[in-house]
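I have placed the structure first, in the form of structure tokens, so that the comments after it can refer back to it.
Nothing fancy with the numbering, it's 1 onward along the sequence. Basis for what follows: all heavy atoms, side chains included, without hydrogens, waters or symmetry-related copies.
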Amino acid sequence: MGDTNGQVVAGGHGQGNRLNRPTDVLIDKETDSLIICDWGNRRVVRWSRRSGTTQGEILIDNISCWGLAMDDQRYLYISDTDKHEVRRYQIGYKNGTIVAGGNGGGDGLNQFNWPTYIFVDQQQTVYVSDNLNHRVMKWNKGAKERIVVAGGQGQGNALTQLSHPYGLFVDTLGTIYVADSSNHRVMRWPKGAKEGTVIVGGNGKGTGANQFNYLRGLSFDRHGNLYVVDHSNNRVQRFSIE
């Protein structure tokens, strides 16, 4: 906190076979390592956080991974933008189980079109940003029921709509926070709501303090501060959310 310079903890040797356009990362505290979606190299890798690590260990290869999540039992969830599905993996095993999608690309309730970021709650409910369908989907564990929980009214900028959603966070009340990328705003959708509210951004594309230029990931810290990857402005912004 307060540093003006960052420290390279993985990659850092240009685009290539170490990391190539990474899209998502999570910290595995049990092994003190980073798990990274190495999208450009079509694989998921694990990098030890110990100093001197120069190469990641390949956990899963030949996967067009975009989003990552880990549940309380240390199962790894990965979205695949080519296969339009989310699979759950036991770490150390290459074969996963489909837990969402897997029925080809499309806009049916059992389909995705370019699934990106994911969030898994304590009940192993899987939430997915269904990017090219401009909606967020909820898949209950083991259920055939799939629910649109944000957007799903076509691409647009009304409060009932999303445009290319990416980053995703769900709180304990089931409230959804989503990076509404092409609308340059972050939206909050209470559980069961038919429309969302804009909590930051929504002031057009730009470089101002409350503006974005396309969004990617988002996250909250324990104090409720919101962090947003402001993609085409090449920065991360922090907001205090009431």
Side-chain angles (χ1 to χ4, degrees), residues 23-24 39 64-67 69 77-86 98-121 125-140 143-171 173-206 210-219 226 228-233 239 241:
T23 53
D24 204 3
W39 184 77
S64 186
C65 65
W66 193 284
Y77 296 74
I78 305 170
S79 64
D80 187 323
T81 55
D82 279 359
K83 295 180 178 175
H84 308 287
E85 67 187 23
V86 177
I98 295 174
V99 292
N103 298 297
D107 61 2
L109 290 178
N110 65 346
Q111 294 178 302
F112 295 122
N113 190 355
W114 196 266
T116 55
Y117 291 100
I118 53 184
F119 186 92
V120 179
D121 69 13
T125 305
V126 181
Y127 296 82
V128 185
S129 280
D130 189 6
N131 186 272
L132 295 181
N133 283 328
H134 313 291
R135 65 190 184 183
V136 177
M137 298 292 293
K138 174 184 176 181
W139 290 60
N140 290 315
K144 298 299 176 200
E145 180 185 13
R146 300 98 184 183
I147 313 162
V148 178
V149 288
Q153 303 297 317
Q155 182 179 9
N157 61 6
L159 292 179
T160 57
Q161 294 176 303
L162 298 170
S163 182
H164 299 107
Y166 279 98
L168 193 58
F169 183 89
V170 184
D171 69 16
L173 299 175
T175 304
I176 294 155
Y177 298 82
V178 58
D180 189 9
S181 180
S182 296
N183 285 326
H184 316 289
R185 66 191 184 185
V186 177
M187 295 194 76
R188 174 167 54 203
W189 294 66
K191 188 174 185 178
K194 297 298 181 198
E195 66 176 44
T197 55
V198 179
I199 57 169
V200 289
N203 301 305
K205 180 169 74 170
N210 197 12
Q211 287 185 303
F212 299 108
N213 188 356
Y214 300 103
L215 296 81
R216 287 296 186 266
L218 61 77
S219 187
L226 170 66
V228 186
V229 177
D230 190 3
H231 179 266
S232 295
N233 280 330
F239 299 91
I241 303 298

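Atoms CH2 and CG, on Trp114 and Asn131 in that order, are 8.0 Å from each other to the nearest 0.5 Å. Here the CG atom belonging to Leu215 is positioned 8.0 Å from the CG atom belonging to Asp180, to the nearest 0.5 angstrom. One finds the CZ atom of Arg135 at 11.0 Å from the CD atom of Gln153 (value rounded to the nearest 0.5 Å). Between the CH2 atom of Trp39 and the SG atom of Cys65 there is a distance of 9.5 Å, given to the nearest 0.5 Å.
At least one side-chain heavy atom of Asp230 sits less than 4.5 Å from a side-chain heavy atom of Asn213. Asp121 is not listed as a side-chain neighbour of Val170, based on a closest heavy-atom distance of 4.5 Å or more. Contact of the Arg188 side chain with the Ile241 side chain is registered, since non-hydrogen atoms from C-beta on lie closer than 4.5 Å. Proximity of Leu109 to Met137: side-chain heavy atoms (C-beta onward) are separated by under 4.5 Å at one or more points. Residues Ser181 and Arg216 meet the side-chain proximity criterion, which asks for heavy atoms closer than 4.5 Å. Annotation: side chain of Leu218 is in contact with side chain of Phe169 (closest heavy-atom distance under 4.5 Å). Contact check for Pro115 versus Glu85: no side-chain heavy atoms found under the 4.5 Å cut-off. At least one side-chain heavy atom of Ile147 sits less than 4.5 Å from a side-chain heavy atom of Asn140.
With sequence neighbours left out, Ser182 forms a side-chain hydrogen bond (donor to acceptor under 3.5 Å, both in side chains) with His164. With sequence neighbours left out, Asp107 forms a side chain to side chain contact (heavy atoms under 4.5 Å, CB included) with Asn133. In this view, Asp80 satisfies the side-chain hydrogen bond (donor to acceptor under 3.5 Å, both in side chains) rule with no residue, not counting sequence neighbours. Applying the salt bridge (charged side-chain N to carboxylate O under 4.0 Å, His left out) criterion to Asp24, with sequence neighbours excluded, gives no partner residue. For Gln211, the side-chain hydrogen bond (donor to acceptor under 3.5 Å, both in side chains) test picks out no residue, with sequence neighbours left out. Applying the side chain to side chain contact (heavy atoms under 4.5 Å, CB included) criterion to Ala158, with sequence neighbours excluded, gives Thr160, Gln161.
Scanning both residues, Val86 and Ile118, for their nearest heavy atoms gives CG2-CG2, 4.0 Å. Here the shortest heavy-atom pairing between Gly101 and Trp139 reads N-CH2, 2.9 Å. Considering every non-hydrogen atom in both Gln111 and Asn103, the closest pair reads NE2-O, 3.1 Å. The two residues Tyr127 and Val149 come nearest to each other via the heavy atoms CD2-CG2, 4.3 Å. For the residue pair Ser163 and Gln155, the shortest heavy atom distance occurs at OG-NE2, 2.9 Å. Pairing each heavy atom of Ala69 with each of Val120, the nearest pair is CB-CG2, 3.8 Å.
A donor-acceptor pair under 3.5 Å is absent between the side-chain atoms of His184 and the main chain of Gly202, judged by distance alone. Checked by atom type and distance alone, the side chain of Asn210 pairs as donor or acceptor with a backbone atom of Gly201 at under 3.5 Å. A donor-acceptor pair is defined here as one N or O able to donate and one able to accept, closer than 3.5 Å; such a pair exists between the side chain of Asn233 and the backbone of Gly206. Between the side chain of Arg185 and the backbone N or O of Asn157, at least one donor-acceptor pair lies under 3.5 Å.
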Exercise. Decide side chain to side chain contact (heavy atoms under 4.5 Å, CB included) for Val198 and Leu159; before the verdict, give the C-alpha distance in whole Å, the side-chain angles of both, and the deciding distance to 0.1 Å.
Key: CA-CA 8 Å; Val198 179; Leu159 292 179; 4.0 Å; yes

Self-check item: Phe112/Thr81 under side chain to side chain contact (heavy atoms under 4.5 Å, CB included): CA gap, chis, key distance, verdict
Solution: CA-CA 9 Å; Phe112 295 122; Thr81 55; over 6 Å; no

Exercise. Go through Leu162 and Trp189 one step at a time and tell me if the side chain to side chain contact (heavy atoms under 4.5 Å, CB included) criterion holds.
Key: CA-CA 11 Å; Leu162 298 170; Trp189 294 66; 4.1 Å; yes

Quiz item: Can you check side chain to side chain contact (heavy atoms under 4.5 Å, CB included) on Tyr166 and Ser129, steps first, answer last?
Solution: CA-CA 6 Å; Tyr166 279 98; Ser129 280; 5.6 Å; no

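Aromatic pair Phe212/Phe239: ring centres closer than 6.0 Å.
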